[in-house]
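Before any comments, here is the structure.
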Amino acid sequence: MDIKELQKHIRDLAGIEETKQPMVSCYLNLENGKSGCLRNFLSRVEILRKGLERQLQPGFNKAIGSIDEYLNRELEDSTKGAAIFSRYGKKPYFLPMQFRVPVRNEVIVDGLPSVYGLVELKDVFHQFIIVVSNESHGKILEVNLGEVTEAIFTEKPELRKRVGREWTKEHYQNHRRDRGERFVKEKIKILEQLIQSKGYSHLILAGKPHLTSRLKKSLPKHLLDKLIDTEVHTNTSDLGEVINASLKAFIDEEQKESEDMLQKLKHSIATDGLALLGPAATLDALQMGQVDALIMSKDFDHKWIREELVRTAVEQGIHIETVPDDPMLKTVNGVACLLRYKLPGEHSL
């Protein structure tokens, strides 16, 4: 699954109409295997069933049955996280998704789907490009939600066998340098095409240090601006190891961006007042179309208002930043926003 498909699912889920039948939103972390995860899922289902009104239990049971069947038959070995939405009745709904990255375990029963888990996933593991540089070839990998969705290979022609037969050593070295430069230019051209056509905002360099350094020095400024500072230095040809190391670098970069957003929020509070704190004030601003960015603590667990905030932001196409627990956010119940404008006489606090 790529980021565009996930974004479409988020928009569709945010716009679903409520019915009398319960919607089950199921998020499962499969990092430690399928069997233990299924046991925890069924245990949670029993707790939820006991809390439901009797007339809702038949529809709930059928929705759970569809999820259980899918989990037992369709899960792939490489899946680390799954999100499944299921509803029975006159307007049945079933949407399963599998990811190569983990999600937080959560099973929720409500009139509407719980979208926050997908928003958090998109915010942390969205999309980036890895350029893997080795002596004989290069790989340009498009990574969406932890999964390689496209791989482009560029090869450097082998020249060494021509030394001593057709060329002098000096001729070989000069030609090798020229071919190396053309090899770098070819990768940069592909990168520019990908970023222009698909809108990637992050770039990671991986491979042997002297080759990643050479490529970095050749990048034009608009590509350097998208480069994550951490380079993934590895001599391994194992693509899985390269991707895992790159994912770690990407998550670290996302952490920095979350911290930057928090600093921007605090600066706005202290200076121009283009910020609001707290769930109620933020929801009011969202409903009036004032919000530029919604900022939510990952520890914010008031599910009803959390989902209302997320649905409203998704419907308006507003950026949602999920951030680690922060002392300032904790004092305002984990929610804040940056504003596009401030109404006359309005105060930020």
Side-chain angles (χ1 to χ4, degrees), residues 3 6-18 23 25 27 83 85 103-104 106-126 201 253-349:
I3 198 72
L6 178 62
Q7 287 173 322
K8 180 181 182 304
H9 287 322
I10 290 172
R11 288 193 299 269
D12 291 346
L13 286 162
I16 281 179
E17 292 184 19
E18 188 171 2
M23 171 74 78
S25 303
Y27 293 90
F85 302 86
V103 298
R104 290 198 285 181
E106 198 168 41
V107 183
I108 299 170
V109 181
D110 199 1
L112 293 168
S114 175
V115 186
Y116 175 79
L118 296 181
V119 170
E120 184 180 37
L121 180 73
K122 172 181 169 291
D123 186 38
V124 176
F125 295 104
H126 46 94
S201 57
E253 181 69 16
E254 283 298 303
Q255 175 77 22
K256 292 177 188 175
E257 292 184 6
S258 291
E259 291 170 0
D260 289 344
M261 182 67 81
L262 280 171
Q263 290 306 312
K264 185 176 180 180
L265 172 69
K266 292 172 184 178
H267 180 74
S268 290
I269 293 167
T271 56
D272 57 24
L274 285 173
L276 288 173
L277 303 175
T282 298
L283 185 56
D284 286 343
L286 277 167
Q287 291 169 342
M288 289 189 291
Q290 284 180 270
V291 175
D292 185 56
L294 171 62
I295 302 168
M296 304 181 72
S297 170
K298 294 179 186 292
D299 294 327
F300 179 60
D301 60 358
H302 299 282
K303 292 183 174 58
W304 179 85
I305 194 166
R306 181 186 74 182
E307 295 301 327
E308 185 68 16
L309 288 162
V310 167
R311 276 193 295 269
T312 308
V314 168
E315 287 169 358
Q316 296 180 30
I318 291 168
H319 174 70
I320 303 172
E321 186 76 25
T322 60
V323 300
D325 189 29
D326 176 79
M328 186 273 289
L329 273 185
K330 186 175 288 187
T331 65
V332 294
N333 296 320
V335 177
C337 67
L338 296 172
L339 300 175
R340 294 172 181 165
Y341 60 90
K342 188 166 64 168
L343 293 175
E346 199 170 32
H347 298 282
S348 61
L349 295 176

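- For the pair D326 and K266, the salt-bridge criterion is met [side-chain N within less than 4.0 Å of a carboxylate O].
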Please table the atom pairs, donor to acceptor, closer than 3.5 Å between any side-chain atom in residues 294-303 and protein atoms at least two apart or in another chain.
unit_1: S297; atom_1: OG; unit_2: D299; atom_2: N; d: 3.1
unit_1: K298; atom_1: NZ; unit_2: T322; atom_2: OG1; d: 3.1

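- Going from atom CD1 of I108 over to atom CZ of F85 covers 9.0 Å, rounded to the nearest 0.5 Å.
- Between M23 and L112 there is no side-chain heavy-atom pair separated by less than 4.5 Å.
- The CG atom of L339 sits 8.5 Å away from atom CG of D292, with the distance rounded to the nearest 0.5 Å.
- Taking NZ from K122 and CD1 from I3, the interatomic distance works out to 5.5 Å, rounded to the nearest 0.5 Å.
- Within the 4.5 Å cutoff, side-chain heavy atoms of V115 are placed close to those of E307.
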Donor-acceptor pairs under 3.5 Å, side chain of residues 280-287 to any protein atom, not counting sequence neighbours: which ones?
unit_1: T282; atom_1: OG1; unit_2: G278; atom_2: O; d: 2.8

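- At least one side-chain heavy atom of M328 sits less than 4.5 Å from a side-chain heavy atom of L277.
- Side-chain contact of Q255 with E259: a donor-acceptor pair under 3.5 Å is present, judged by distance alone.
- A donor atom on one side chain and an acceptor atom on the other are found under 3.5 Å apart for S258 and E321.
- A salt bridge between E120 and R306 is absent, with no side-chain N of the basic residue lying under 4.0 Å from a carboxylate O of the acidic one.
- Once rounded to the nearest 0.5 Å, the distance linking CD of E253 with CG of D260 reads 8.5 Å.
- More than 12 heavy atoms of other residues, nucleotides or ligands shown are found within 6.0 angstrom of NE2 on H319.
- Although no hydrogens or angles enter the test, the distance criterion places a donor-acceptor pair under 3.5 Å between the side chain of R340 and the main chain of V291.
- Residues L338 and L274 have side chains not in contact (no heavy-atom distance under 4.5 Å, counting atoms from C-beta outward).
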